[in-house]
Amino acid sequence: MALYIGSSGWSERKGAQIASRVSVAEIGSSFNRPLEKKTVDRWLNLVQPYPDFRFTAMLGRQFSHERLMAGSDIDYFKKALWPMVNQRRISSLLIRFPDDFHFSVANEKHLIQLRRSFHEFSLVAELPHESWSTYEARAVLIDRRIGLAGDHLTSGTGYLRVPARHGDLDLIEEKIRKMIRLADQTIVIFQEEVSATEMLARMQGLSIAPAQHAFSFHRAVA
């Protein structure tokens, strides 16, 4: 029932300051280009005084949008993340799919290929197309242990991305409280750091008994 609340505004210049205020940061730069190991090593050094701090990272667009699945590209992308894995600093990889990525046989196969290629990581998919809201589509995510960014759980990882103009922190808090009763880990990413710190203060000392899982989050990847 780990809960991580933070922002998408990670930068090396403010790294230590960010880690002292929130418990997770979303790395967006990895969406456009793979991270460099030397860069990640510097980041890990910055957050060393904060043992509970975690990162999430966006999967590269070459995999989600362009579908370039060469083994060498996959290995290169993962190479810089191994130090985070070894130090237990990375909570998940976020796969941001394009708006027209609908639920189909071909796209399901691509999703499965991504799951197999990045099996070492907790994966969360952001799937804006409405076809992924069906029971059949959600079942695919559950079977492959791929989380769904949003209000619904399809794996042991809950992932909420909160826009800058979110409107009501009370409503977001309610969503978080519902999610953490089922999820093994809940990650909440605000676009504004000030909202993240306010929500952290609200959730300080939170103690909620876990609910019985309605389905298994731990089925093997086929």
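Starting from 1, each residue takes its place in the sequence as its number. Reckoned from all heavy atoms, side chains included, excluding hydrogens, waters and symmetry mates.
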Engineer: With the side chain counted from C-beta on, respond yes when Asp73 and Phe63 share a heavy-atom pair under 4.5 Å apart, and no when they do not.
Structural biologist: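 With C-beta onward as the side chain, the pair touches.
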Engineer: Take Leu111 and Trp132 through the test side-chain contact (heavy atoms from CB on, under 4.5 Å) and record every step on the way to the result.
Structural biologist: CA-CA 12 Å; Leu111 195 65; Trp132 290 95; 3.9 Å; yes
Engineer: Are side-chain heavy atoms of Phe55 and Val40 found at a separation under 4.5 Å?
Structural biologist: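 Side chain of Phe55 against side chain of Val40, heavy atoms only: no contact under 4.5 Å found.
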Engineer: Indicate yes or no: at least one non-hydrogen side-chain atom of Arg96 is less than 4.5 angstrom from one of Arg161.
Structural biologist: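 When only atoms from C-beta onward are counted, Arg161 and Arg96 do touch, with a gap below 4.5 Å.
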Engineer: Using 4.0 Å as the upper bound for N to carboxylate O, is an ion pair formed by Lys79 and Asp75?
Structural biologist: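 No, this pair does not count.
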Engineer: Asn45 versus Gln48: any side-chain heavy-atom pair under 4.5 Å?
Structural biologist: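 Yes, at least one pair of side-chain atoms sits under 4.5 Å.
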Engineer: Do Met58 and Asn32 touch side chain to side chain, with heavy atoms closer than 4.5 Å?
Structural biologist: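 No, too far: nothing below the 4.5 Å cut-off.
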Engineer: Do side-chain atoms of His102 reach the backbone of Asp100 as a donor and acceptor pair under 3.5 angstrom?
Structural biologist: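 Answer holds: yes.
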Engineer: Any donor-acceptor pair under 3.5 Å linking the side chain of Trp10 with the backbone of Ile18?
Structural biologist: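 Here the side-chain-to-backbone pair does not exist.
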Engineer: Test side-chain contact (heavy atoms from CB on, under 4.5 Å) on Thr197 and Val22 and set out the steps.
Structural biologist: CA-CA 6 Å; Thr197 55; Val22 297; 4.0 Å; yes
Engineer: Take His129 and Phe97 through the test side-chain contact (heavy atoms from CB on, under 4.5 Å) and record every step on the way to the result.
Structural biologist: CA-CA 9 Å; His129 198 276; Phe97 287 101; over 6 Å; no
Engineer: I'd like to know if Asp168 and Lys175 make a salt bridge, using a cut-off of under 4.0 Å between side-chain N and carboxylate O.
Structural biologist: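 So Asp168 does not pair with Lys175 through a salt bridge.
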Engineer: Is the backbone N or O of Ile146 less than 3.5 Å from a side-chain atom of Thr154, with the two atoms forming a donor-acceptor pair by type?
Structural biologist: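 Such a contact is found between Thr154 side chain and Ile146 backbone.
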Engineer: Are the side chains of Phe121 and Val85 in contact, using a 4.5 Å heavy-atom criterion?
Structural biologist: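 Touching, per the 4.5 Å side-chain cut-off.
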Engineer: Using a cut-off of 6.0 Å, state whether more than 12 heavy atoms not belonging to Arg33 lie near its atom CZ.
Structural biologist: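 Not more than 12 within 6.0 Å, no.
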Engineer: Counting only heavy atoms not in Glu136, do more than 12 fall under 6.0 Å of its CD?
Structural biologist: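 It does not: Glu136 CD has 12 such atoms or fewer within range.
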Engineer: Apply side-chain contact (heavy atoms from CB on, under 4.5 Å) to the pair Ser92 and Ile187, showing each step before the final yes or no.
Structural biologist: CA-CA 9 Å; Ser92 65; Ile187 301 164; 3.6 Å; yes
Engineer: Applying the side chain to side chain contact (heavy atoms under 4.5 Å, CB included) test to Gln113, which of His110, Arg116, Arg115 qualifies?
Structural biologist: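 So the option named by the test is His110.
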Engineer: What pair of heavy atoms forms the shortest contact from Leu44 to Arg89, and how long is it?
Structural biologist: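 Of all heavy-atom pairs spanning Leu44 and Arg89, the closest is CD2-CG, 3.6 Å.
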Engineer: Is any side-chain heavy atom of Val188 less than 4.5 Å from a side-chain heavy atom of Glu173?
Structural biologist: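 A side-chain contact under 4.5 Å is absent here.
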Engineer: Can you tell me how far CD of Glu26 sits from OG of Ser7, rounded to the nearest 0.5 angstrom?
Structural biologist: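 The distance works out to 9.0 Å.
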Engineer: Looking just at side-chain N and O atoms, do Tyr4 and Thr56 make a donor-acceptor pair shorter than 3.5 Å?
Structural biologist: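 Note: Tyr4 and Thr56 side chains miss the donor-acceptor criterion.
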